[in-house]
Every structure is written in C-alpha cells, then in structure tokens.
Amino acid sequence: DSNIVHQYFKKQLANNVTLLVKVNPLRLKATEITIYPNQDPELREVDVDADIFDDLKADGFTEASAIEFNLYLSGLA
C-alpha cells in the first residue's frame, strides 16, 4: 500500500454535510468519510469499480487534498 498514489475527492452536501473520499486505484477500494456539523464523522470502506473516477465526477465531486482527508481520518480536524 505504501507505493500506491491514492486520489482524494470532496463534495459539499446540504446542511453543511461534507463527503471526503480516498480512492486506491490499484485495489479498487475507497474510504469514505461523512462529516456532519454536530456529530462524529462516519467512516466506511467500500469496493469500487473501474468507473469510479467517472462516477465521482458525474456526482459533482472535486479533487481534494490528502492532508484534509487524513486530518479527519485521524480525528484531528
């Protein structure tokens, strides 16, 4: 996993809910973090297919930073 360049995406939803996604393009796995204004973030591991990048673009996700994702993942944000 250390040689994989993950790709990160973000989408702002209604009610200040934010979705952050980290995609592992080699293993076709993704980690999703759902960030709520007054709740703990929800973390999910999901399997994805080869169309994941087209799907994210079609769903309105934009590229995000690894730092932002990892701050939420570690609980520091």
Side-chain angles (χ1 to χ4, degrees):
D1 243 15
S2 63
N3 293 330
I4 297 170
V5 177
H6 294 95
Q7 292 180 263
Y8 299 86
F9 300 89
K10 179 178 184 176
K11 182 176 181 180
Q12 190 70 41
L13 303 175
N15 301 322
N16 286 330
V17 175
T18 302
L19 294 176
L20 295 172
V21 179
K22 174 177 80 171
V23 177
N24 177 329
L26 296 180
R27 297 185 189 267
L28 293 177
K29 302 268 186 195
T31 304
E32 297 178 350
I33 301 174
T34 305
I35 304 158
Y36 301 96
N38 298 313
Q39 299 178 42
D40 290 335
E42 289 182 8
L43 181 70
R44 286 178 300 289
E45 299 285 335
V46 295
D47 294 323
V48 297
D49 61 26
D51 295 326
I52 183 62
F53 300 110
D54 292 333
D55 295 343
L56 289 168
K57 184 176 180 180
D59 288 342
F61 281 82
T62 58
E63 289 189 26
S65 76
I67 292 172
E68 180 179 18
F69 182 92
N70 286 307
L71 283 171
Y72 279 103
L73 184 63
S74 66
L76 295 175

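All values reported here derive from a predicted model rather than from experimental measurement. In what follows, every heavy atom counts, from backbone to side chain, and hydrogens, waters and symmetry copies are set aside.
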### Summary
Nearest heavy-atom contact between G60 and K11 is O-CG, 4.1 Å
### Query
Could you walk me through whether I33 and R44 pass the side chain to side chain contact (heavy atoms under 4.5 Å, CB included) check?
CA-CA 7 Å; I33 301 174; R44 286 178 300 289; over 6 Å; no
### Task
Heavy atoms only: give me the nearest V48-A30 pair and the separation to one decimal.
CG1-CB, 3.8 Å
### Task
Could you give me the CA-CA distance, side-chain angles and deciding distance for T31 and V46, then say whether side chain to side chain contact (heavy atoms under 4.5 Å, CB included) is met?
CA-CA 6 Å; T31 304; V46 295; over 6 Å; no
### Message
Once rounded to the nearest 0.5 Å, what's the spacing between atom CG of L13 and atom OH of Y36?
### Response
9.0 Å
### Message
Under a 3.5 Å distance rule, please check whether D51 uses its side chain to pair with a backbone N or O of D54 as donor and acceptor.
### Response
no
### Verdict with reasoning, F69 to K10, per side chain to side chain contact (heavy atoms under 4.5 Å, CB included)
CA-CA 9 Å; F69 182 92; K10 179 178 184 176; over 6 Å; no
### Message
Tell me if a side-chain donor or acceptor on N15 pairs with a main-chain N or O of V17 at a distance below 3.5 Å.
### Response
no
### Task
Please indicate whether L76 has more than 12 foreign heavy atoms, meaning atoms of other residues, nucleotides or ligands, lying under 6.0 Å from its CG.
yes
#### Entry: Pairwise distance CD(E32) to CD(E42) - rounded to 0.5 angstrom
10.5 Å
### Task
Any chance you could measure F53, atom CZ, to F9, atom CZ, to the nearest 0.5 Å?
5.0 Å
### Message
Looking at E45, I want to see if its CD is surrounded by more than 12 non-hydrogen atoms of other residues, nucleotides or ligands under 6.0 Å.
### Response
yes
### Message
Do F61 and V21 have side chains that approach each other closer than 4.5 Å (heavy atoms only, starting at C-beta)?
### Response
yes
### Task
Provide the closest heavy-atom pair for D49 versus L28 in the form atom of the first, atom of the second, distance.
O-CD2, 3.8 Å
### Message
Under the criterion side chain to side chain contact (heavy atoms under 4.5 Å, CB included), I'd like the reasoning laid out for E68 against L20: C-alpha separation, chi angles, the key distance, then a yes or no.
### Response
CA-CA 9 Å; E68 180 179 18; L20 295 172; 4.2 Å; yes
### Query
When clusters are formed by joining ILVMFWY residues with side-chain heavy atoms under 4.5 Å apart, either directly or through shared neighbours, do I52 and Y8 land in the same one?
no
### Message
Going by side-chain contact (heavy atoms from CB on, under 4.5 Å), name the residues that satisfy it together with D47, two or more places apart in sequence or in a different chain.
### Response
K29
